[in-house]
Amino acid sequence: TTRTPEFLGIAGSGQGLFPQSGTAGDVVVGVLDTGVWPESKSYDDTGLAEVPSWWKGECMAGTAFNSSACNRKLVGARFFNKGYEAAMGRMDTDRESRSPRDDDGHGTHTSSTAAGAAVSDASLFGFASGTARGMAPKARVAVYKVCWLGGCLSSDILAGMDAAVSDGCGVLSLSLGGGAADYARDSVAIGAFAAMEQNVLVSCSAGNTGPGSSTLSNVAPWITTVGAGTLDRDFPAYVALGNGKNYTGVSLYAGKALPNTPLPIVYAANVSNSTAGNLCMPGTLTPEKVAGKIVVCDRGVSARVQKGFVVRDALGAGMVLANTAANGQELVADAHLLPAAGVGDREGTAIKSYVASDPNPTATIVIAGTHVDVHPSPVVAAFSSRGPNMVTPEILKPDIIAPGVNILAAWTGKAGPTGLVADTRRVGFNIISGTSMSCPHVSGLAALLRSAHPEWSPAALRSALMTTAYAAYSGGSPLLDAATGATATPFDYGAGHVDPARAVDPGLVYDLGTRDYVDFLCALKYSSTMIAAVARSREYACDEKKTYSVGNLNYPSFSVVYYTANGDGSNSAATTVTHTRTLTNVGGPGKYKVSTAFAAKGVAMDVEPAELEFTSVGEKKSYTVRFTSKSQPSGTTGFGRLVWSDGKHNVASPIAFTWT
Amino acid sequence: AVEQRATYIVHMAKSAMPAEYADHGEWYGASLRSVSAGSAAKMLYAYDTVLHGFSARLTAQEASDMACMEGVLAVNPEARYELH
């Protein structure tokens, strides 16, 4: 967050796009996470007006946490541990605080990313130095501690959401998830439905189980699902081999440097007593074979920083952490406890090849600090979970991507930057990666949008963020995927990368309300009991005479699914899938024309009407899209984009085609 | 042997509350006691804003009995979520 406001176009003059006072402080972002470290400067309330009178939040006292810890920035702090202690037994208060106190760091990082105050001279050991600030620096923060050292239990999450909505939060940020579950059994989806009904936007992380397909969590259509991308900043480290070859990786190591003279380098698999020794798991390295050497470890299974600890514990001098094919060329920087560099799959393979072929291989590692203006950026993070949506394939998820790689934000004073018990370092800010980090970026941006447009519904806010997102670099080439180095698709980035400067003036929005989502559940053939479990009311019923269609949910994206007719992997005839959408004018009068672009063989698209004219704010106009496809082998996918433009606004929707 | 208890989320139909109860908390408590011999089942939270219902530590049999009660929409076992 010393870089993301600039990367997102909301630093400097970009700040002027949004209110700096008044309604800006009327939005409270509720963050359900591991709690808060209230002493962080990111919760300084200088310059903020009195807390709005309607706010009902509370500052709960507990272990090492006084009710006086809250202020005009941190307006609420509660904790919910009944489910956790019922399941896990009484917590050890030497290890974790029975209070909103953040013992982990994750919650302090996410809440300060969303709405932290500006803090100058922020850095992690000098890396990423600058002014750290939340995306909505004038908004308030309320934290709801629902995650503990043993995880986050749904009974506590629901209690946290119950309190957050009741307190008056306008945006909820949840950087957590479970597997993909039916909406009626997913507590986050159930809590988010009620939040949506009460005009609260719920932003959730998509998950870190990419790049495999169908790995998303938090896919309910009333949730804003956020994937992760890189920003234009890097922390290079150079691995110089004895054969004269140099490879670039990343590192946040800040301690004593390696000697200038090259050191022996070994591959962990060859200095281990374990069959999986290449992974540098605890206790698997043989100190006699490792002492004083640089060890190449493969990424996977255990935490990246723990591998460095294992090498150090075995008396190794340094570590090269090599990506595997699953991570591709994506480089995630870590504050290792010894000189270390993370390298891509290609570089890792080359280094391991050198180690295997040279009888006396040597290397050194040089840490090179912080570089900015790195291109191309953003690139979809390899770890970011991907579509298709397993629960409802007709809803394209994730919705959007935002910065989630190497993000600097506030940190707890209770744990070191690696989170390892052995890490006794304490830092005010830490750099970490995950969709946990991209989610609060969008939560903060939603708070900014809400301050600019307090009358917009959660669906309208999300629509603005999605239809103005970009899926191509400024030169016109499509966004790339770090996992493959190839072009990314809407299954990876949804509508694209968030662009708040454009989202504030989207021209048109796809709005949705409770009844639309209930109709969606009717289309899914939910029973009245299941609908009541999600929507909390038996008053919502499906009309037996009405034909419901999932594809008609007024979503800002399209997911067109052709189901195999013959059951033998083929479709016998051309099939037409029809989606209807309604646009609401939130700009001035304008005549919008549609254009489509798609790269799906054998598909024809027809939009009716092809022009929509709006004369007043709030005016609604509908259109229908017919997608006609000839037979395609099962498993085929294709992608496209539909754009309504009045010459000033481009209201863009991604399209994903699936033949299944 | 002591039967294992686990946490369940019990979804109640708010409008189905019998007239004899003054408020929903009372109804939830009575529903819980009615399935739990000796009132061994413990309520963790009563929810009011994002869900109508409560969470409680129940045996599998108690959860099954609860699911059959009038006014109960669903009884879901607790799930664990992870930070991303």
Side-chain angles (χ1 to χ4, degrees), chain A residues 33-34 80 82-83 86-87 104 106-107 110 146-147 150-159 161-166 174-179 181 184-188 190-195 198 204-208 217 228 385 434-437 439 529-530 532-534 536-539, chain B residues 2-18 23-25 27-29 31-32 36 39-60 62-64 66-84:
Chain A
D33 211 299
T34 62
F80 301 89
K82 290 180 186 172
D104 177 281
H106 191 277
T110 53
V146 297
C147 293
C152 327
L153 296 177
S154 56
S155 59
D156 294 329
I157 294 171
L158 277 168
M161 296 180 87
D162 212 59
V165 174
S166 177
L174 289 89
S175 290
L176 52 85
R185 302 176 74 85
D186 180 349
S187 291
V188 169
I190 288 168
F193 191 99
Q198 293 170 65
C204 292
S205 46
N208 300 336
S217 55
S385 292
T435 53
S436 273
M437 283 65 246
C439 167
T529 302
M530 287 170 76
V534 174
R536 299 168 302 122
S537 173
R538 278 189 161 158
E539 289 167 19
Chain B
V2 177
E3 213 176 338
Q4 290 270 325
R5 288 185 182 279
T7 301
Y8 291 83
I9 315 288
V10 182
H11 297 250
M12 305 287 280
K14 191 174 187 181
S15 58
M17 184 178 80
D23 59 49
H24 287 86
W27 178 37
Y28 300 161
S31 302
L32 187 57
S36 176
S39 299
K42 293 279 182 289
M43 187 182 295
L44 299 175
Y45 298 103
Y47 306 108
D48 189 44
T49 305
V50 300
L51 186 153
H52 295 313
F54 58 93
S55 51
R57 299 287 289 174
L58 303 172
T59 64
E62 288 167 350
S64 177
M66 181 69 78
C68 298
M69 285 183 66
E70 182 68 26
V72 175
L73 295 168
V75 180
N76 292 333
E78 175 157 76
R80 181 191 299 265
Y81 292 70
E82 302 289 344
L83 293 166
H84 283 157

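Side-chain atoms are counted along with the backbone in the values below, which use heavy atoms only and exclude waters and symmetry mates. First the proteins, then the strands, lettered A, B, ... as listed; each starts at 1.
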Tell me, side chain or backbone of B:Ile9 under 4.5 Å from chain A's heavy atoms, or both, or neither? side chain

Which atoms of B:His84 approach chain A - backbone, side chain, both or neither, heavy atom under 4.5 Å: both

Under 4.5 Å heavy-atom distance to chain B, tell me which part of A:Ala206 shows up: side chain, backbone, both or neither. backbone

Between B:Asn76 and chain A, which part of the residue has a heavy atom less than 4.5 Å away: side chain, backbone, both or neither? side chain

Applying side-chain contact (heavy atoms from CB on, under 4.5 Å) to B:Leu83 and A:Asp33, what does each step give before you reach the verdict? CA-CA 8 Å; B:Leu83 293 166; A:Asp33 211 299; 3.6 Å; yes

Determine, stepwise, if the pair A:Ser155 / B:Tyr47 fulfils side-chain contact (heavy atoms from CB on, under 4.5 Å). CA-CA 10 Å; A:Ser155 59; B:Tyr47 306 108; 3.5 Å; yes

Measuring from atom OH of B:Tyr45 to atom CG of A:Leu158, what distance do you get when rounded to the nearest 0.5 angstrom? 10.0 Å

Heavy-atom distance under 4.5 Å to chain A: side chain of B:Ser55, backbone, both or neither? side chain

Segment of B:Arg57 engaging chain A (4.5 angstrom heavy-atom cut-off): side chain

I would like to know whether B:Thr49 and A:Met161 meet side-chain contact (heavy atoms from CB on, under 4.5 Å); could you show each step before the answer? CA-CA 8 Å; B:Thr49 305; A:Met161 296 180 87; over 6 Å; no

When only pairs under 4.5 Å are counted, which of B:Glu82, B:Glu78, B:His52 shares the most heavy-atom pairs with chain A? B:Glu78

With only heavy atoms counted, which part of A:Ile157 is less than 4.5 Å from chain B, the side chain, the backbone, both or neither? side chain

Taking side chain as everything from C-beta outward and backbone as N, CA, C, O, which of these in A:Ala184 sits under 4.5 Å from a heavy atom of chain B? Side chain, backbone, both or neither. backbone

At a heavy-atom separation under 4.5 Å, does A:Phe80 approach chain B through its side chain, its backbone, both, or neither? both

Is it the side chain or the backbone of A:Val188 that comes within 4.5 Å of chain B heavy atoms, both, or neither? both

Please classify the contact of A:Ser385 with chain B as side chain, backbone, both or neither, using a heavy-atom distance under 4.5 Å. neither

Looking at every non-hydrogen atom in both residues, tell me the closest pair between B:Leu44 and A:Lys82 and how far apart they are. O-CD, 3.0 Å

So which part of A:Ser205 gets closer than 4.5 Å to some heavy atom of chain B, the side chain, the backbone, both or neither? both

Quick one: pull up NE2 in B:His11 and CD1 in A:Ile190 and give me the separation to the nearest 0.5 Å. 4.0 Å

Look at A:Gly151, A:Gly178, A:Ala86, A:Ala195 and state which one has the largest set of heavy-atom pairs under 4.5 Å with chain B. A:Ala86

Quick check on the interface: out of A:Ser175, A:Ala159, A:Gly177, who has the most heavy-atom pairs with chain B under 4.5 Å? A:Gly177

Structural part of A:Thr110 lying under 4.5 Å from a heavy atom of chain B: neither

Calculate, to the nearest 0.5 Å, the distance between atoms CZ and CE belonging to A:Arg536 and B:Met12 respectively. 15.5 Å

When you look at B:Tyr81 and A:Asp156, which way does the side chain to side chain donor-acceptor pair (under 3.5 Å) test go after all the steps? CA-CA 10 Å; B:Tyr81 292 70; A:Asp156 294 329; over 6 Å; no

